[in-house]
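We use all heavy atoms of the structure for the numbers below, so side chains are in, but hydrogens, waters and symmetry mates are not.
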Amino acid sequence: MGDRLDQLRAEIPMNVDVQRFFDGLDEGDREQLAGLIGEAVARQEARIDEAGEDALRLVPRAFRGPVKKLLFGDHD
């Protein structure tokens with residue numbers, strides 16, 4: 001299997017039907033589809049992060065740090 005598909009499998013659990021679909025594709029198509037899905041996931045994550053930052057702008061500046069820590073944890 002290709003690197004992109006292996007990375008995708010590690011990030012997104014695939015049920016049996018999805019796995020069969022991927023297995024039915026030739027290697028080039030699998031890699032291309034896995035790349036497209038990976039890019040879509042990355043865009044979605046970026047949009048979620050951006051939305052979170054936009055929401056924090058509604059919080060008064062003095063409280064943003066504690067609110068961010070409360071909502072998103074300590075992984076900065």
Minimum heavy-atom distance D29-D26, with the two atoms named: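 Closest approach of D29 to D26: N-OD1, 2.9 Å.
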Taking every non-hydrogen atom, the tightest pair across R57 and R64: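 Looking at all heavy atoms of both residues, the closest pair is O-NH2, 3.3 Å.
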Residues N15 and Q19: side-chain donor-acceptor under 3.5 angstrom: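 No, no side-chain donor-acceptor pair sits under 3.5 Å.
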Close side-chain approach of F21 and V16, heavy atoms under 4.5 Å: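 No, their side chains stay 4.5 Å or more apart.
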Residue pair F72 / D49, side-chain heavy-atom distance below 4.5 Å: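 Of all side-chain heavy-atom pairs linking D49 with F72, none is under 4.5 Å.
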Run the side-chain donor-acceptor check on residues 34-44: report pairs under 3.5 Å with partners two or more places apart or on a different chain.
none

Test: D17 and R20 ion pair at under 4.0 Å: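 Yes, this pair counts.
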N-O pairing of R30 and E27 below 4.0 Å: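 Yes.
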